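What you see is a predicted model; the values in this text were computed from it and never measured.
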Amino acid sequence: MSHYYKFFCSRENLRGIRDFVTSVLKNHPLSETEINQMVLAVDEICSNMIIHSHQCNEEDFIELSIRNQKDGIVFEIVDKGDELFNLSSHQDPSITDIVKQGKKGGVGLMLVKKIMDNVEVLSEDSHHVWRLYKKLPPQRI
Amino acid sequence: MEIQVSNEDTFYVISIDGDLDASSSILLDNALKEATIQGEKKILVDCRRLNYISSAGLGVFMSYLQEFENNHTSLILFGVSIKIKDVFQILGLDQLLTIAVSKEEAKLLVVNEPLL
């Protein structure tokens, strides 16, 4: 089964994205903490796209789909932005360094990678796809 | 998301109600900035109504930790739900932040912290 959500690039839409992901995941036998983690991972990717790729341009939009696989759940976030994020060159920052330097950002993608079992960025035709995969036992899908 | 600030005796209490995300974390940043401007040394954050936190919210807390340590300012969170605490734990921030169960415990933790 697949679920689809389209949103325009405004920070104000993050709440709607989270509500959508939560409503889909509530159909699965998952704990509130597990649902919150996956909602968080999707929210982090979407907010990064909205703020950094689209500079909160409300005329741009992004598409999100959620589908079940036999061994887990796949979240796909499809973006028509120009810039392809180079995930392989991304290194997780040191929390100690961030605290010492008084930085406010930099841990979003780290959270996503710790929560999800696989994170990919693919380039397909004229768009980019962030594919997040969470492994789950069959009885919980 | 709403933020309320109040003074209780010598404590500066920030109460968060709602979702702390990329659109609202600026409000928490403003409240903590105001606390530093006012020279507050005992800051409590009431998380009983905090429903959600993203990296933007975590980042605000992280950005003040070093400054507060340098200034001998106590920052204690209380009433943190299991799912929010889980987010702190993913990055190990539960080891860097002081988290109390209740406001009463939070006040005791501030009082009992040794002055450097």
Side-chain angles (χ1 to χ4, degrees), chain A residues 7-19 21-22 25-26 30-56 58 92-116, chain B residues 1-2 16-33 35-37 47 49-71 73 75 77 80-99:
Chain A
F7 55 94
F8 289 89
C9 292
S10 162
R11 289 175 205 237
E12 305 307 317
N13 290 334
L14 289 170
R15 177 66 185 267
I17 296 164
R18 293 197 296 272
D19 287 346
V21 178
T22 302
L25 294 180
K26 278 194 168 169
L30 299 165
S31 71
E32 191 181 11
T33 299
E34 288 171 316
I35 291 175
N36 187 64
Q37 285 193 0
M38 286 184 257
V39 168
L40 174 62
V42 173
D43 181 61
E44 293 294 342
I45 299 298
C46 293
S47 58
N48 263 336
M49 280 184 181
I50 289 171
I51 296 164
H52 300 297
S53 302
H54 293 273
Q55 290 79 43
C56 301
E58 295 184 26
D92 288 338
S94 149
I95 296 292
T96 309
D97 288 347
I98 289 177
V99 168
K100 274 186 184 166
Q101 293 161 13
K103 281 186 180 175
K104 284 194 172 62
V107 297
L109 190 50
M110 193 173 167
L111 275 169
V112 176
K113 287 157 75 177
K114 284 183 181 291
I115 290 168
M116 292 293 174
Chain B
M1 199 269 285
E2 285 186 18
I16 309 172
D17 189 343
D19 292 9
L20 198 52
D21 67 4
S23 70
S24 60
S25 60
I26 182 75
L27 299 175
L28 174 64
D29 193 28
N30 289 342
L32 287 169
K33 199 178 293 171
T36 61
I37 290 168
C47 298
R49 292 175 186 275
L50 175 60
N51 178 59
Y52 174 82
I53 189 164
S54 74
S55 69
L58 296 177
V60 173
F61 285 122
M62 289 166 69
S63 69
Y64 284 91
L65 290 179
Q66 188 65 53
E67 181 182 345
F68 286 171
E69 188 179 321
N70 296 344
N71 297 338
T73 299
L75 173 71
L77 282 62
V80 182
S81 69
I82 292 170
K83 69 175 180 179
I84 301 289
K85 200 176 281 182
D86 171 71
V87 177
F88 288 130
Q89 286 168 340
I90 292 171
L91 295 181
L93 294 177
D94 56 315
Q95 302 299 312
L96 300 176
L97 292 161
T98 307
I99 301 173

| field | Contact class of B/N70 relative to chain A, heavy atoms under 4.5 angstrom | value | neither

| message | Among B/L65, B/D86, B/V87, which residue has the highest count of heavy-atom pairs closer than 4.5 Å to chain A? | response | B/D86

| message | Shorter than 4.5 Å, heavy atoms on both sides: which option in B/I53, B/L91, B/L58, B/D21 has the most such pairs with chain A? | response | B/L91

| query | Can any side-chain N or O of A/E32 pair as donor or acceptor with the backbone N or O of B/K83 at less than 3.5 Å? | reply | no

Which residue out of [options] racks up the most heavy-atom pairs below 4.5 Å with chain B?
options	value
A/V107, A/I50, A/D92, A/V99	A/V99
A/E12, A/R15, A/Q101	A/R15
A/R11, A/M110, A/K104	A/K104

Under 6.0 Å from the [atom1] atom of [X], do we count more than 12 heavy atoms belonging to anything else shown?
X	atom1	result
A/K113	NZ	yes
B/I82	CD1	no
B/E2	CD	no

Need one label for [X]: side chain, backbone, both or neither, based on atoms under 4.5 Å from any heavy atom in chain B.
X	answer
A/L109	neither
A/K100	both
A/I51	side chain

| query | Which heavy atom of A/G102 sits nearest a heavy atom of B/S63, and at what distance? | reply | O-CB, 3.4 Å

| Non-hydrogen atoms of A/L40 and B/S54 that approach each other most closely | CD1-CA, 3.5 Å

| query | How long is the span from the CD atom in B/Q95 to the CD1 atom in A/I95, to the nearest 0.5 Å? | reply | 12.5 Å

